[in-house]
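The next block holds one structure in the form of structure tokens; read it before the comments.
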Amino acid sequence: MLGLNFSSRKNGNCGDFLLFLRQQTNNRLVIRSIHDFSLEGCGPCEYECIHGSCPKKDGLTALTAWMDKEEQSIFIMPLYNGNLPSAFYRLLERMSPRLHDEAEEKRFWKKVKIILVGNPEHGLEPAVQTLKDIYENARVKPAVTAFSSVKYGMRATQDRMIENREVRSRLVELAWEWMEVPGK
């Protein structure tokens, strides 16, 4: 399994969650940062990707090859000012030609589980809905779990949410659920 951290902070709450999940999955989870792949956004180009080749020479090929070989990927993302991380949108943008194929889109989203870390007052619910809409558009049951530091009486960037027993319990439940039903 691939654990992909979309946070700019490798050692924040998102990183803590992935390290904990790796323990729960008996080290079956390989952790990487989306930023390790130096993923550029689309353009300027002549839509070469539609014909099978993108002129960009960055980390997309390595990332998608890795994701293809894994049973599943866990994307963990912080909420930034009510928005999903730009790196997530860059990934979707660059994978667009591939995800326009219905079978490929469905296969991709069946393999991806998402954990979102944010707070209601910063747009958590709309962000969760955006992610659910992406899954539903692919005709796949949404696999999105949200964690709010406020729910646990904590601050998002100052406190370590992993220190909370309820947070750890929920992550254990997710790990067991994902381990029992690969590719769900």
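Worth saying up front: this structure is predicted, and the values here are computed from it rather than measured. Just so you know, residue 1 is the first one in the sequence shown, and it goes up from there.
Residues L18 and I115 fail the side-chain proximity criterion, which asks for heavy atoms closer than 4.5 Å. With a 4.5 Å cut-off on side-chain heavy atoms, R107 and D68 count as touching. Side-chain contact between L21 and M1 is absent, with no heavy-atom pair separated by less than 4.5 Å. For the pair M154/V167, no side-chain contact is recorded, criterion being any heavy-atom separation below 4.5 Å from C-beta on. Here the side chains of E173 and W176 are not in contact, with every heavy-atom distance at 4.5 Å or above. N137 places none of its side-chain heavy atoms less than 4.5 Å from the side chain of W109. Side-chain contact between P85 and P78 is present, with heavy atoms from C-beta onward closer than 4.5 Å. Taking the side chain as every heavy atom from C-beta outward, F88 and I134 approach each other to under 4.5 Å.
Counting heavy-atom neighbours within 6.0 Å of K56 NZ, excluding the residue itself, gives a total above 12. Within 6.0 Å of CD on E121 lie more than 12 heavy atoms contributed by other residues, nucleotides or ligands. The number of heavy atoms from other shown groups lying within 6.0 Å of NE2 (H35) is above 12. Heavy-atom neighbours of Q158 CD from other residues, nucleotides or ligands within 6.0 Å: above the threshold of 12. Surrounding CZ of R139 are at most 12 heavy atoms belonging to other residues, nucleotides or ligands under 6.0 Å away.
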Quick one: do Q24 and L174 satisfy side-chain contact (heavy atoms from CB on, under 4.5 Å)? Show the steps, please. CA-CA 10 Å; Q24 300 310 305; L174 289 172; over 6 Å; no
Applying side-chain contact (heavy atoms from CB on, under 4.5 Å), run through M161 and D16 and close with a yes or a no. CA-CA 8 Å; M161 291 175 66; D16 288 347; over 6 Å; no
May I have the step-by-step check of side-chain contact (heavy atoms from CB on, under 4.5 Å) for R170 and T145, ending in yes or no? CA-CA 10 Å; R170 181 64 182 127; T145 304; 4.0 Å; yes
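The two residues A127 and L84 come nearest to each other via the heavy atoms CB-CD2, 4.0 Å. Closest approach of R98 to T64, counting heavy atoms only: NH1-CB, 3.4 Å. Taking all atoms of both residues into account, the shortest heavy-atom contact from T157 to R9 is O-NH1, 3.5 Å. For the pair G118 and L124, the tightest heavy-atom approach, listed with the atom from each and the gap, is O-CD2, 3.8 Å.
Residues satisfying the salt bridge (Lys or Arg N to Asp or Glu O under 4.0 Å) test with K106, not counting sequence neighbours, are none.
Side-chain atoms of R168 come within 3.5 Å of backbone atoms of I162 as a donor-acceptor pair (strictly under, hydrogens ignored). Remark: the backbone N or O of C42 is paired with a side-chain donor or acceptor of E93 at under 3.5 angstrom. Remark: the backbone N or O of C54 is paired with a side-chain donor or acceptor of K57 at under 3.5 angstrom. Under the 3.5 Å distance criterion, the side-chain polar atoms of K111 are matched with a main-chain donor or acceptor of M67. A donor-acceptor pair under 3.5 Å links the side-chain atoms of D159 to the main chain of R155, judged by distance alone. Side-chain N or O atoms of Y135 include one that pairs as donor or acceptor with a backbone N or O of V112 at under 3.5 Å. D58 places a side-chain N or O within donor-acceptor distance of the main-chain N or O of L60, the cut-off being under 3.5 Å.
Hydrophobic clustering of Ile, Leu, Val, Met, Phe, Trp and Tyr side chains at less than 4.5 Å, counting indirect connections, unites L19 with V117. When hydrophobic clusters are built by joining Ile, Leu, Val, Met, Phe, Trp and Tyr residues whose side-chain heavy atoms come closer than 4.5 Å, directly or via intermediates, L4 is not grouped with Y80. One hydrophobic cluster, built from ILVMFWY side chains closer than 4.5 Å, holds both L131 and M95.
With no hydrogens or angles considered, a side-chain donor-acceptor pair links N119 and S148 at under 3.5 Å.
The CG atom of N5 sits 11.5 Å away from atom CZ of R32, with the distance rounded to the nearest 0.5 Å. Of the inter-residue distances, the one linking I74 atom CD1 with L2 atom CG reads 8.5 Å to the nearest 0.5 angstrom. Once rounded to the nearest 0.5 Å, the distance linking CG of L63 with OG of S73 reads 8.0 Å. Atom CG of L29 is separated from atom CD of Q72 by 9.5 Å, given to the nearest 0.5 angstrom. Between F108 atom CZ and L92 atom CG the span is 6.5 Å, to the nearest 0.5 Å. Atom OG in S7 sits 11.5 Å away from atom CE in M77 (nearest 0.5 Å).
For the ring-ring contact (aromatic ring centres under 6.0 Å, His included) criterion with F6, the lone passing option out of F37, F17, F75, Y89 is F75.
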